[in-house]
Amino acid sequence: DMGGHDTYMHKEISEQPDAVDRVLRGRIDDRFNTVHLGGLNLDPREARAIRRVKILGCGTSYHAGLIGASLIEGMARIPADAEPASEFRYRNPVVDPDTLYIAVSQSGETYDVLAAVQELKRKGARVLGVVNVVGSAIAREADGGVYVHAGPEVCVVSTKCFTNTVVAFALLAVHLGRIRDLSVTDGKRIIEGLRKLPAQIQEILEQEEDIKKLAAQYADAKSMMFIGRVRGYPVALEASLKLKEISYIHAEAYPASELKHGPLALIEPSLPTVAIVPDDDLLEKNRAALEEIKARSGRILAVAHREQEKADHTIVVPKNEDELDPILMGIPLQLLAYHTALALGRDIDKPRNLAKSVTVE
Ligand code: F6R
């Protein structure tokens, strides 16, 4: 049942304010400005002993893991990174007892992720799951974890599950952070930011008509470039994946800082760039990248907290805490991919060559 929407993807994009509300519900502790996660199975002493965090997932879940790693490293001050589960599995990684491994999967059934979890457990590692589907294979195999409570996602490409997974990582980061070095005031600041997300996502969804008009202007592109820096880079990766999956337009994502080391050679009027430009300590650096692109007559669509004069168009999104901004900056780009695919007449809920859960190698 699409509930009045033309596609499941549109329905699921629209459900995000409620979905985010659900992942937060019952988990925030205002007395200690922290987060309780019932199924984690990690006591404070164990949480303090973690020396590294390694996050494993595929596709969109890997991208959510990249944001998760930066949230955990930033708030809990534990070195953290994310890697595609299949790459990890085949490179014979060193499995370290002081590392917390986290498997991310919306379906909980992705074979490459499940096999990585099984290999890790065989070697004695502790593995948590960040999973949407309750009771799925990865959820059962993990030692504990966080359910993302996005509700059922029918469209092959993920939107609300992605957003909720990132929010679940923010909750985990506050939880670990408050056991370690995140101050009471920083805990409170992030918790207040998390509570603002549903209304801010709603505000972005209300810009749909404008985003649809923009999509019509970019739908003739043969290829698109997505750039972001540090927190903005995983947003660029995810937006680029979403666009290619449903519109079949070729897209690349690069850290903005890498442009001059190669991809700048591609920039010309027929290759538009989508730039993630948050109002944070890297704003001037990001603006410099826009200037480099403009100097080569590249078209620019910015996602920013205020109009960017170097950009041809800006989608202005509400500001949250710097750490949580990536969550909001991804939302308009789901709509951009959606309306681009719609303008091109694509089968949005069932893109060619793709399946919802990849249970084979
Ligand atoms: C893309 C998408 C895929 C999945 C990937 C992993 O929109 O949904 O990239 O994220 O196949 O699936 P899960 O998260 O179920 O492990």
Side-chain angles (χ1 to χ4, degrees), residues 7-13 15-16 19 23 55-69 82-89 101-120 127-142 145-169 226 234-249 251 253 330-331 333-338 340-341 346-361:
T7 59
Y8 280 107
M9 184 177 180
H10 194 269
K11 175 172 183 266
E12 288 155 7
I13 290 174
E15 284 169 347
Q16 290 177 111
V23 66
I55 302 173
L56 302 166
C58 297
T60 286
S61 290
Y62 161 60
H63 296 157
L66 288 171
I67 304 179
E83 184 177 340
S86 51
E87 290 289 291
F88 176 81
R89 197 153 87 75
Y101 294 88
I102 305 179
V104 198
S105 175
Q106 300 136 30
S107 63
E109 304 291 344
T110 301
Y111 184 77
D112 275 321
V113 184
L114 180 61
V117 172
Q118 289 168 336
E119 177 74 359
L120 281 165
V127 187
L128 299 183
V130 175
V131 170
N132 191 44
V133 178
V134 176
S136 55
I138 293 164
R140 278 182 279 126
E141 198 75 42
V146 188
Y147 279 122
V148 312
H149 296 311
E153 193 175 66
V154 178
C155 177
V156 164
V157 305
S158 182
T159 50
K160 65 171 178 171
C161 266
F162 169 79
T163 301
N164 265 38
T165 301
V166 178
V167 176
F169 270 115
F226 288 78
V235 177
L237 281 169
E238 173 56 13
S240 137
L241 177 64
K242 217 90 299 173
L243 183 77
K244 60 189 122 183
E245 287 182 301
I246 58 170
S247 74
Y248 316 145
I249 293 175
I331 309 280
L333 298 175
Q334 298 172 343
L335 286 170
L336 184 77
Y338 180 81
T340 305
R346 308 299 192 215
D347 185 357
I348 290 177
D349 284 337
K350 287 196 172 56
R352 67 187 184 200
N353 311 340
L354 300 178
K356 181 70 181 164
S357 66
V358 185
T359 51
V360 292
E361 267 187 87

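Please read these numbers as outputs of a predicted model, since none were measured by experiment. Both counts, for ligands and for their atoms, begin at 1 and track the order of listing.
Interface of Ser158 with ligand 1, defined as ligand atoms under 4.0 Å from a residue heavy atom, comprises 7 (O), 8 (O). Close contacts between ligand 1 and Val157 involve ligand atoms 7 (O) [criterion: under 4.0 Å to a heavy atom]. Near Gly59, meaning under 4.0 Å from one of its heavy atoms, ligand 1 places the atoms 9 (O). Counting the atoms of ligand 1 from 1 in the order shown, those under 4.0 Å from a heavy atom of Gln106 are 8 (O), 10 (O), 13 (P), 14 (O), 15 (O), 16 (O).
Distance from atom 13 (P) of ligand 1 to its nearest protein heavy atom, with residue and atom name: Thr110 OG1, 3.2 Å. The nearest protein atom to atom 15 (O) of ligand 1, hydrogens excluded, is given as Ser107 OG, 2.7 Å; this is a heavy-atom distance. Ranking the protein heavy atoms by distance from atom 3 (C) of ligand 1 puts Thr60 N, 4.0 Å first. Scanning the protein heavy atoms around atom 14 (O) of ligand 1, the nearest turns out to be Ser61 OG, 2.6 Å. The protein heavy atom nearest to atom 1 (C) of ligand 1 is Glu245 OE2, 2.8 Å. In this structure, the protein non-hydrogen atom closest to atom 6 (C) of ligand 1 is Cys58 O, 3.4 Å. Counting only heavy atoms of the protein, atom 11 (O) of ligand 1 lies nearest to Val358 CG2, 4.1 Å.
The residue among Lys242, Gln334, Met9 with a heavy atom at the shortest distance from atom 7 (O) of ligand 1 is Lys242.
In terms of modelled atom types and a separation under 3.5 Å, the side chain of Asn164 and the main chain of Ala19 share a donor-acceptor contact. The backbone N or O of Ala116 lies less than 3.5 Å from no partner atom in the side chain of Tyr101, so there is not a single donor-acceptor pair. At least one donor-acceptor pair under 3.5 Å links the side chain of Lys160 to the backbone N or O of Pro152.
For Lys244, the NZ atom is densely surrounded, since the number of other residues' heavy atoms within 6.0 Å is greater than 12.
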For this session: Check step by step if side chain to side chain contact (heavy atoms under 4.5 Å, CB included) holds for Lys242 and Ser158.
Result: CA-CA 8 Å; Lys242 217 90 299 173; Ser158 182; 4.3 Å; yes
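Atoms CG and CD, from Asn353 and Glu245 in turn, are 11.5 Å apart once rounded to the nearest 0.5 Å.
Counting heavy atoms from C-beta on, the side chains of Val113 and Cys58 come closer than 4.5 Å. Between Leu120 and Leu56 the shortest side-chain heavy-atom distance falls below 4.5 Å.
Ring centroid separation for the pair His10 and Tyr338 comes in under the 6.0 Å cut-off.
In this structure, Val156 has a heavy atom closer than 4.0 Å to ligand 1.
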